[in-house]
2 protein chains.
Amino acid sequence: MAHFAYYSEENYLKALYKLEQKGTRKLTNAALSKMLDLNPATVLEMVRKLEARELVSLLPDRSIQLTNTGRQKALVIIRKHRLWEVFLVDKLHYNWNEVHELAEQLEHIESADLVDRLETFLGFPAFDPHGDPIPDKEGHLKVLQSIPVTDCTPGKNYLVQHFAETSDAFLDYLQQVQVKPGIRLQVNGINAFDRSFNVSVGKRNMVISEKVAANILVLPEGANQ
Amino acid sequence: MAHFAYYSEENYLKALYKLEQKGTRKLTNAALSKMLDLNPATVLEMVRKLEARELVSLLPDRSIQLTNTGRQKALVIIRKHRLWEVFLVDKLHYNWNEVHELAEQLEHIESADLVDRLETFLGFPAFDPHGDPIPDKEGHLKVLQSIPVTDCTPGKNYLVQHFAETSDAFLDYLQQVQVKPGIRLQVNGINAFDRSFNVSVGKRNMVISEKVAANILVLPEGANQ
DNA sequence: ATCATTTATTTGGTATCCCAAATAAATGAT
DNA sequence: ATCATTTATTTGGGATACCAAATAAATGAT
Ligand SMILES: [Mn+2]
Ligand SMILES: [Mn+2]
Ligand SMILES: [Mn+2]
Ligand SMILES: [Mn+2]
């Protein structure tokens, strides 16, 4: 085993990929520092190392861009992270809101084929326990057509697909109110006063804040995954 | 997750435990450096850090001794290492001679209960794929009464238990000649010329060098494990 | 006891990642 | 255009973990 693990490099690439996916137009040092919760000086230093390794490009306007190599590497880490999460939930019976931190560690295990064997063992799952798609061996990621609950047509049936937020606080909340991927959801109405949402989830009626509604992403029932 | 992993500390403790078990009477810096394949200056520096952390004691004769805390920590790592090896062989279908390096990484995953869940999932195995006993939750390790093939009574039946050597070269050799834990072994005779051993392994007869014989550890057939 | 070899230790580096504090540059609101 | 705020960058450090080369100390064989 190599003595330098380059865990950090992998975490930076993943963070950059996530910012890129979020549609952040100009990927700044400040945004990346905030996402990684690290000092901007640290991040600047590291980004320059990543540039030397040709994993990111620093554009003239000082914005940071993943190279194809960098993006590919990020997708490998995401693939590993999500497959380990499936393992933890399906095989070790963790709750789906408990596995993220462990997967943060496991995603860095270095091996040519461990993750592929894991995928086979798990029966080639398409989604992780949070409803996020798992990149295939070639790094291809399914693009989801999901929309936030705030954009749902009232009265129409939807299926919860995944979530825009991934914080522990939000996942714990979802666990508590029993909202998870695959469950049926319908918007019954919106309270004009605070823009909170009356929804049916499974067989229960409940009220969720606009903020929560914006972070639950759903698919129209019967749509292709 | 803490940013300092202390992988090295764990590897040092494991190495010290193994030297201790091997019966090395005076545990020197030189022996530890050789086992870890690191520069003696590096090892000395690290041993002093371990002493500051009260995981080892440096005796007046400059020998290194694990404290109880240090030994307990070593046993936790060994427990994790061996359970991950069982996972890799039983669930991901690796060969038993391919899993050591991967387990070297996986043993460092930090979690309060991952290893216990893994143990449950694997059905509480008593031994790893190499025949070595797995410490329990409290760090208790079965003491094996195994003896090297060089000490066997010719004509008597034995079962291969585990191995004194764990190098890749040796494990690959064993895989090639199909010697693995659980297989029956009998010494038919010893060649006076080079002290090589004529043995029956399973249903086959073969000749093994004295060095190989010394590194295969067996139990009399019918003995308590 | 002497001398050669081995072992332990010191010294001065390196690489990876991280920080705080100071400064410089860019941005934005008036 | 001016000034305040935000962002980027520089500078000087720190921790973990490693190395090579020089020196000191211990060991062992004669
Ligand atoms: Mn996750
Ligand atoms: Mn991570
Ligand atoms: Mn290890
Ligand atoms: Mn083993």
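Throughout, a chain's letter reflects where its sequence line sits, starting with A, and its residues are numbered from 1. What you see is a predicted model, and the numbers here were worked out from it, not measured in a lab.
- Atoms CD (A:Glu10) and P (C:dT16) sit 14 Å apart, rounded to a whole Å.
- For D:dT16, one of the phosphate oxygens OP1 or OP2 lies less than 4.0 angstrom from a side-chain nitrogen or oxygen of B:Tyr6.
- The salt bridge (charged side-chain N to carboxylate O under 4.0 Å, His left out) test with A:Glu107 is passed by exactly one of A:Lys73, A:Lys14, A:Arg82, A:Lys80: A:Lys14.
- For A:Thr28, no side-chain nitrogen or oxygen approaches OP1 or OP2 of D:dT7 to under 4.0 Å.
- A distance below 6.0 Å separates the ring centres of B:Phe87 and A:Phe87.
- The salt bridge (charged side-chain N to carboxylate O under 4.0 Å, His left out) test with B:Arg79 singles out one residue from B:Asp132, B:Asp136, B:Asp116, B:Asp128, and that residue is B:Asp116.
- If you take CG of B:Leu38 and P of C:dA8, they are 15 Å apart, rounded to a whole angstrom.
- Considering only the side chain of B:Ala41, C:dT11 comes nearest among C:dT11, C:dC19, D:dT9.
- Contact between the side-chain N/O atoms of B:Arg48 and the OP1/OP2 oxygens of C:dT10 is found at a separation under 4.0 Å.
- Pairing of C:dA29, defined by two Watson-Crick or G-U wobble distances under 3.5 Å, is identified with D:dT2.
- A sub-4.0 Å separation between OP1 or OP2 of D:dA17 and a side-chain N or O of B:Thr42 is absent.
- Within the cation-pi definition used here (under 6.0 Å to the ring centroid, within 45° of the axis), A:Lys142 qualifies as a partner of A:Phe127.
- Here A:Asn39 reaches the OP1 or OP2 of C:dA20: one of its side-chain N or O atoms lies under 4.0 Å away.
- Annotation: cation-pi geometry not satisfied between A:Lys49 and A:Tyr12 (NZ/CZ under 6.0 angstrom from ring centroid, within 45° of ring axis).
- Nearest to the side chain of A:Arg62, among C:dC17, D:dA8, C:dT9, sits D:dA8.
- You'll find that the side chain of A:Glu45 is closest to C:dC17, out of C:dA8, C:dC17, D:dC18.
- Here D:dT9 is the nucleotide among C:dC17, D:dT16, D:dT9 with the atom lying nearest to any side-chain atom of A:Leu44.
- As the counterpart of C:dA8, D:dT23 is assigned, both hydrogen-bonding distances of the Watson-Crick or G-U wobble pattern falling under 3.5 Å.
- B:Ala30 comes within 4.0 angstrom of the backbone, heavy atoms only, and of no base.
- For the OP1/OP2 pair of D:dC18 and a distance below 4.0 Å, the side-chain nitrogens and oxygens of B:Tyr12 include at least one atom meeting the criterion.
- Pairing for D:dA15 goes to C:dT16, judged as Watson-Crick or G-U wobble with the two contacts each under 3.5 Å.
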